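For reference, the structure is listed below as C-alpha cells.
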Amino acid sequence: MNEKTELLGMNNDEIEEYLSSIGEPKYRGRQIYKWIYQKNISSFYNMSDIPKNLRVKLDENANISIPRFLKQRVSQDGTRKFLLEMIDKKRIETVVIPQSLEKNTKYSLCISTQVGCPIGCSFCATGTSGFQRNLKSYEIVGQILSSRRELSKRLKNFNSEMITNVVYMGMGEPFLNYDEVIKSIHLLIDYKGINIGQRNITISTAGEVNGINKLAKEALQVTLAISLHASNNHLRNRLIPLNKKYPIEELFKAVDNYIKKTNRRVTFEYIMLDEINTSRTDATNLIKLVKPLLANVNLIPYNEIQGIEFKKPSESKVAQFYEWLEKGGINVVVRGERGSDIEAACGQLSSRKER
Ligand code: SAH
Ligand code: SF4
C-alpha cells in the first residue's frame, strides 16, 4: 500500500496540483483548501460540495492530520493550555490566551515550533527538557486548527475569527526550523484560508542570527521579537548558550540590518531575574544597546520553575527597572503574566512533565 498524502500544510496551489495528479479538476483543490483552513474540517466525508466518489477516493489516498487534542488545563484568568499529540505520538503544548475577560473576547495563540528545544537556556523549562525534533508546517498550522476546534466545542459563542493573534513563543526556537516556520506563516496569512493579519503575528527568537538575516529578505510584515535578557556577553552566555555562537555585537548588527531592510520596529524581550539582571547598571547598559534602534522592550517578570534556581523579582523592583528604562527614553511595557497557575506562562512549557 502506498503512503497517504498529507494535505494539511499544503497551500492552495499545492492542493490543486495534488488533485490534478490524481486526475481530478483543479477547482476541487480550491474547495478542499477552504474546507481545511476556513471551515476546519478534517474528514473528507464532511465536505458536502465534493462528490461522494471523490470523497471516498480522497479518504483512501490522503490525510488531513490535525494534531490530536489530549487534554487541557484552564487557568483562573481564562488561559488554556492544550496538550496535543502528533502522529508519531510526540506531544506539544499550545496556549490559548483570551485578550480580555469579556464574553466575546478575541484570543491569542502561543504556538510551538519544535518538540523540546536544542538551545538549552538555563532558565527555561523547554530548554532544560531536551530536544526531540522539529515540527512540520502542517503540525504548526495544525495547532491553530486543533485549538479552533477545541474552543468551538467548549465555548458556545466561539467562531474562527476570534483567534486574531499568533505568537511563535511556545516550545522551540523558530529559526532552527526556519523553512517550516515560514511556510506556516504563509498559510496563516492567506486571506482565503486561515486569515490572520500579518501584523498580528510575532515570531520570537533567542538570537539565531542566520534566521534574522533570512527573515530580513522575506517580504513579510510580521513582528520580530528578540530574547535579549542580558546586556553583557558574560551574563548572556550563561543564560542563552547560543550567545557564544552569536554574541551581542553580532546579534545587534543583524537586528540593525533587519530594521534598515524592513523598516519594521522590533521588540526586545527581557526576562527579569532577581539579583541577576535588574540593577541600575543593567538598566543603563540595556538603554545604551536598545535606544539607537528605536526598539520596544517587553519586560517579563520571570516565571519560576521547579528545579531551576532563578527567582522572580519583587513588584517594586520590576516597577523601578521599568521607570529607569522609561526615563531613559525607551518604549517599554511589562508583560502581564498569564496562565502561570497552570504552567502555561512563557517558558513553562515542557513535553517532559505532563501529566
Ligand atoms: N525560543 C524562542 C521562542 C520561545 S520562548 C525564544 O527563546 O525567544 C518565548 C519567550 O519566553 C522567550 O522570550 C523566552 O526567553 C521566554 N521564557 C522562557 N522561559 C521563561 C520563564 N521561565 N519565565 C519567563 N519567560 C520565559
Ligand atoms: Fe529554547 Fe527559547 Fe526556551 Fe531558550 S528560551 S530554551 S531558545 S524555547
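Numbers here are sequence positions counted from 1. Each ligand, and each atom within it, is numbered from 1 in the order the structure gives. Hydrogens, waters and symmetry mates play no part in the numbers below; they use all other heavy atoms, side chains included. Values in this document were obtained by computation on a predicted structure and should not be read as measured data.
Considering Glu173, Glu304, Glu269, Lys312 only, the shortest heavy-atom separation from atom 10 (C) of ligand 1 involves Glu269. Taking each of Ser112, Gly172, Ala206 in turn, the one with a heavy atom nearest to atom 1 (N) of ligand 1 proves to be Gly172.
Near Thr205, with a cut-off below 4.0 Å to any heavy atom, the atoms of ligand 1 are 6 (C), 8 (O). Distances below 4.0 Å separate heavy atoms of Gly170 from the following atoms of ligand 1: 4 (C). Ligand 1 places these atoms under 4.0 Å from at least one heavy atom of Ile305: 22 (N).
Not a single heavy atom of Cys117 sits less than 4.0 Å from an atom of ligand 1. Ligand 1 is never approached by Cys121 to a heavy-atom distance shorter than 4.0 Å.
For the side-chain contact (heavy atoms from CB on, under 4.5 Å) with Leu109, the lone residue among Thr164, Asn165, Val167, Ile163 that qualifies is Ile163. Considering Phe268, Tyr246, Tyr258 in turn, Phe268 is the only one that fulfils the ring-ring contact (aromatic ring centres under 6.0 Å, His included) rule with Phe252.
In this structure a side-chain-to-backbone donor-acceptor pair under 3.5 Å is present from Asn277 to His229.
Shown here is Asn263, whose CG atom has no more than 12 heavy atoms of other residues, nucleotides or ligands within 6.0 Å.
The nearest N, O or S atom of Cys121 is closer to atom 4 (Fe) of ligand 2 than 2.8 Å.
Under the 4.5 Å side-chain heavy-atom criterion for grouping Ile, Leu, Val, Met, Phe, Trp and Tyr, Ile87 is connected to Ile144 within one hydrophobic cluster.
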